[in-house]
Protein chains: 2
Amino acid sequence: MPASLAAVLGTLDPTSDRAVFRQIADHLRDAIEEGRLGENEQIPSETMLTEHYGVARMTVRHAIQVLQSEGLVLAEHGRGVFVRPRPPVRRLASDRFARRHRQQGKAAFIAEAEQAGSRPEVDSIVIREERPSRDISSRLGGIRKVVARHRRYLLDGQPVEAAVSYIPLDIATGTPMAETDTGPGGIYARLEETGHALDHFDEEVRARMPMPDETRALRLAPGVPVFHLVRTAYDTSGRAVEVCDTIMAADAYVLAYNLPAR
Amino acid sequence: MPASLAAVLGTLDPTSDRAVFRQIADHLRDAIEEGRLGENEQIPSETMLTEHYGVARMTVRHAIQVLQSEGLVLAEHGRGVFVRPRPPVRRLASDRFARRHRQQGKAAFIAEAEQAGSRPEVDSIVIREERPSRDISSRLGGIRKVVARHRRYLLDGQPVEAAVSYIPLDIATGTPMAETDTGPGGIYARLEETGHALDHFDEEVRARMPMPDETRALRLAPGVPVFHLVRTAYDTSGRAVEVCDTIMAADAYVLAYNLPAR
DNA sequence: CAGTGGTCTAGACCACTGC
DNA sequence: CAGTGGTCTAGACCACTGT
C-alpha cells in the first residue's frame, strides 16, 4: 500500500452534491481502474479511511459495500479488503458439442479442461426420476416423467458450474444415461448409439444475480452475476431428447457463438 | 399490504447464528418468491419493520439493501420500497442478422420492435473517426483508423441497449455508413452493396455488473447485471468488416442461439 | 403536512487473522 | 496480542412524495 493516501485517493469535495460515501467509493473505484491499487492488493483499512477522510466508520463501510456489490473488491474477515483479481476465463465455443469433439471418448467438460491444463472434477452427482417443471416439460414436448442428472463441475478444486440434465424416461431407462457413469463420450454419445442421432441444440442465455443457494454451491463472491443457460438437444427426427439447465459464475466465462448471415 | 406483518414475514429466531439483518432479508425474500408480496407491491416501511422486529432502523435498512443488490426490490425516495416487476423480455434469436430479415428495408432493431408492437427509437447518435482500442483493432485485422457509430436504442421511451459499431475507414468513407442516416436496411445492407457480401458473425457474450456510466445511460436499477456483446461481421472473403460492441440490461433480454451437432 | 427513504454520526461489542 | 472486518444501537437531519 502506498505511503500517502491522498496521492492514491484524493480528498473530498465539500461543495459537491454527491454523497460522501459515493465520493469515497468513486475514489477507490478510480484507483482500482487506473491501477494505483492492483489485483489482490489490500485497500486501505476502515480505520485508515475514516482518519483520512474524517468521517464515521459507517460511512466508510457504506462506500466499501458499494464496491463489493459492483464486484470490484472482496472483504476477508480479520484480514482486510482486497482488489478482486479477474479470474481465468473459460471460453465456450458454439461448436463445443460437435460430434468430432466426442470421438476421443471424453465428455466435453473433461476434454476441454485437460486441454487447457486444468484439473477437472465432477461431484454432487444425483440421478433420479422426477416430474419436470412446466417449463422443462414443454421443452421436451409435454413429457411427464424424466431422468434428472444433477452434477457440479470444478476446475482445480473451484466450483464453476452447476447443471441438471433432463432426459425423457423412455429414452434413458435401461441405458447408462440413468447411471452415475455414462461411459465414454457422455450422454450425447449414448443418445446417438440408441437411435437418437443429434441434429442441433437450441441454447437460451440469461444473466441475473444469484439466488442464495447458488451463491453457496458456486462459492460466488458478492457482486458476481450468473449465466443461466437452458440448452435443448434435438435428434434428426426433430424430437427434443434432452434439456440441460446450467448455472455458471459469469466472471469465469465468455460464451462464443457463430451466427449465420444467410 | 396485508394487515398482519407476522403472517407475511414471521419472527426472528434469537437462537440462530444467522445475523438479524440476514434473517429479515430472508423473510422478505421468501415473501416475494412465494407471492405473499406481489409485483409492484409496496413492502412494509422501515418504520413498520423496525417496530415489528424490535431492531434499530439501520438493521432494517441493511436487510433492504441486500434485497436491492439482489435486484428483488426497488426503493423510491419518499414513496416506499417496491417489489420489482419482471420486465418484458426481448428474445434475440441467432438468425436476427440473416439477409432475409434485411430485405424489408429496415434495420433489425426497428423491424423487430414494430413487429412486437413497441415504439422503437434510436438516439444519442454520434459518428466520428476514432483510433480503435487494441482489442477492437485486433478483431478488425490490426487496422488503425475506424468510423465509430455510437447510438442508444429505446423501446417505448425506455433505454434498453447502448452500442458502438466500428468500421474500417477504407470501407466506410464516402458511404452512408459514415452518415447519421445509413438508409434502408442499415449498415449491413450498405456493406453488401459495396462488395462486402456477409458470410457470418462471431458473437462473444459476457455478463457483469454495470459501470456507473452504464447505469446512467440505461437507467439501470440496482442489482441488474448487463450483457456485454462483441459481434464481428465477416465478408465472404474472410475479412472482418465491422465490430459491434453492445451493452444491454440483462433483465430485458434472453439470447437464443442455435448450435450445430455435426 | 405526515410519511417515506437517504445520509451520517459516535459509539458498542463481537469474530476472525496473523504475529 | 493488535488489527482487521461484521453486526448493531439510538439517535440526528435531510430530501422527496402525496394529500
Side-chain angles (χ1 to χ4, degrees), chain A residues 1 5 11-28 37 40-69 72-84 212 215 219 221-223, chain B residues 1 5 11-28 37 40-69 72-84 212 215 219 221-223:
Chain A
M1 204 175 312
L5 279 191
T11 53
L12 293 178
D13 173 3
T15 70
S16 170
D17 282 352
R18 196 157 174 79
V20 171
F21 78 89
R22 289 188 203 282
Q23 291 189 49
I24 297 175
D26 292 345
H27 291 174
L28 289 164
L37 291 169
N40 292 307
E41 190 172 342
Q42 183 175 9
I43 75 171
S45 73
E46 295 177 356
T47 311
M48 294 169 75
L49 290 170
T50 50
E51 286 168 4
H52 172 65
Y53 287 112
V55 298
R57 184 175 165 224
M58 287 301 294
T59 304
V60 161
R61 282 184 63 76
H62 198 166
I64 291 173
Q65 194 168 25
V66 169
L67 299 180
Q68 279 199 71
S69 73
L72 293 177
V73 301
L74 189 57
E76 294 184 41
H77 196 169
R79 298 219 313 130
V81 179
F82 300 85
V83 178
R84 287 226 356 243
T215 302
R219 285 188 224 138
Chain B
M1 205 175 311
L5 279 191
T11 54
L12 294 177
D13 173 5
T15 71
S16 170
D17 282 352
R18 196 156 174 80
V20 172
F21 78 90
R22 287 188 203 284
Q23 291 189 49
I24 298 175
D26 291 346
H27 291 174
L28 289 165
L37 291 169
N40 292 307
E41 191 173 342
Q42 183 175 9
I43 73 172
S45 73
E46 294 177 356
T47 311
M48 293 169 74
L49 290 170
T50 52
E51 286 169 2
H52 172 65
Y53 286 112
V55 298
R57 184 176 165 223
M58 286 302 293
T59 305
V60 162
R61 283 185 62 78
H62 199 166
I64 292 173
Q65 194 168 25
V66 169
L67 299 181
Q68 280 199 70
S69 73
L72 293 178
V73 301
L74 189 57
E76 295 184 39
H77 196 171
R79 297 219 315 130
V81 179
F82 300 85
V83 178
R84 287 229 351 247
T215 302
R219 286 189 223 136

What residues form a ring-ring contact (aromatic ring centres under 6.0 Å, His included) with B/His52, not counting sequence neighbours?
none
Under the rule for side chain to side chain donor-acceptor pair (under 3.5 Å), what residues qualify as partners of A/Arg57, not counting sequence neighbours?
A/Glu46
Quick one, give me the B/S/- string for nucleotides 2-8 of chain D, reading 5' to 3', where B means a protein heavy atom under 4.0 Å from the base and S means that only happens at the primed atoms, P, OP1 or OP2.
-BBBBBB
Flag the pair A/Ile24 / A/Tyr53 as yes when at least one side-chain heavy-atom distance between them is below 4.5 Å, and no otherwise.
yes
Under the criterion side-chain contact (heavy atoms from CB on, under 4.5 Å), I'd like the reasoning laid out for B/Val55 against B/Leu12: C-alpha separation, chi angles, the key distance, then a yes or no.
CA-CA 10 Å; B/Val55 298; B/Leu12 294 177; 4.2 Å; yes
A/Arg219: salt bridge (charged side-chain N to carboxylate O under 4.0 Å, His left out) partners, not counting sequence neighbours:
none
Residue set satisfying salt bridge (charged side-chain N to carboxylate O under 4.0 Å, His left out) with A/Glu51, at least two apart, ordered chain then number -> none
Treating a pair as Watson-Crick (purine N1 to pyrimidine N3 plus N6-O4 or O6-N4) or G-U wobble (N1-O2 and O6-N3) with both distances under 3.5 Å, list the stems of 3 or more consecutive pairs that involve DNA chain C.
C:1-18 with D:1-18
CG of A/Asp17 versus C1' of D/dA15: gap in Å, rounded?
12 Å
Hey, does the side chain of A/Glu76 reach the backbone of A/Phe82 with a donor-acceptor pair shorter than 3.5 angstrom?
no
Roughly how far apart are A/Asp26 CG and A/Asp13 CG, rounded to 0.5 Å?
11.5 Å
